[in-house]
Amino acid sequence: RLSGTDTDKAAEKIIQANSPMLLRIAFHYTYSLPDAEDVVQEAFLRFFSGKGRVAWDDAEAVKAWLIRMTINRCRDALRTARRRGTEPLT
């Protein structure tokens, strides 16, 4: 079990290691940097709130989970935008 400070450091390491890649993926779907940033933030929030049942020390599993969650969030956002008639997302 990680202490509070160790958890913060581990979280920061996960964010730094994965953010650039996740932003590229999200931007590929949304074509909007603000929307891509929102999607990535939501993916990280879901991961850190415990919805990602992945061991933090398994970098490849964390990466795979975050990629899948980012793509799913992008698809959800695009689906919602189409329903509202506001496509593209910006």
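Values below: every heavy atom of this structure, side chains too, minus hydrogens, waters and symmetry copies.
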- Item | Residues which pass side chain to side chain contact (heavy atoms under 4.5 Å, CB included) with Asp76, listed by chain and number, not counting sequence neighbours |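 Asp76: side chain to side chain contact (heavy atoms under 4.5 Å, CB included) contacts with Arg73, Arg79.
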- Query: Which residues pass the side chain to side chain contact (heavy atoms under 4.5 Å, CB included) test with Ala61, sequence neighbours left out?
  - Reply: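 Partners of Ala61 under the side chain to side chain contact (heavy atoms under 4.5 Å, CB included) test: Val54, Asp58.
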Closest heavy-atom pair and its distance - [X], [Y]:
X     : Y     : value
Thr30 : Cys74 : CG2-SG, 4.3 Å
Trp56 : Ala10 : CE3-CB, 3.7 Å
Val40 : Ala26 : CG2-CB, 4.1 Å

- Message: My understanding is that only one of Leu22, Thr70, Val39 makes a side-chain contact (heavy atoms from CB on, under 4.5 Å) with Phe44; could you say which?
- Response: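 Of Leu22, Thr70, Val39, side-chain contact (heavy atoms from CB on, under 4.5 Å) with Phe44 is met by Leu22 alone.
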Enumerate donor-acceptor pairs with a distance under 3.5 Å from any side-chain N or O in residues 11-20 to protein atoms, sequence neighbours excluded.
from  : atom 1 : to    : atom 2 : distance (Å)
Glu12 : OE2    : Gln16 : NE2    : 3.0
Asn18 : ND2    : Ile14 : O      : 2.9
Ser19 : OG     : Ile15 : O      : 2.8

- Aromatic ring pairing Phe27/Tyr31, orientation class (parallel under 30°, perpendicular over 60°, tilted between):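 If you compare the ring of Phe27 with that of Tyr31, the planes turn out perpendicular.
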- To the nearest 0.5 Å, how far apart are CZ in Arg75 and OG1 in Thr80?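 These two atoms lie 14.0 Å from each other.
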- Message: To the nearest 0.5 Å, what is the distance between CG on Asp6 and NZ on Lys9?
- Response: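 The CG atom of Asp6 sits 6.0 Å away from the NZ atom of Lys9.
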- Does Met69 reach the side chain of Phe47, with side-chain heavy atoms less than 4.5 Å apart?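 No - every pair of side-chain heavy atoms lies 4.5 Å or more apart.
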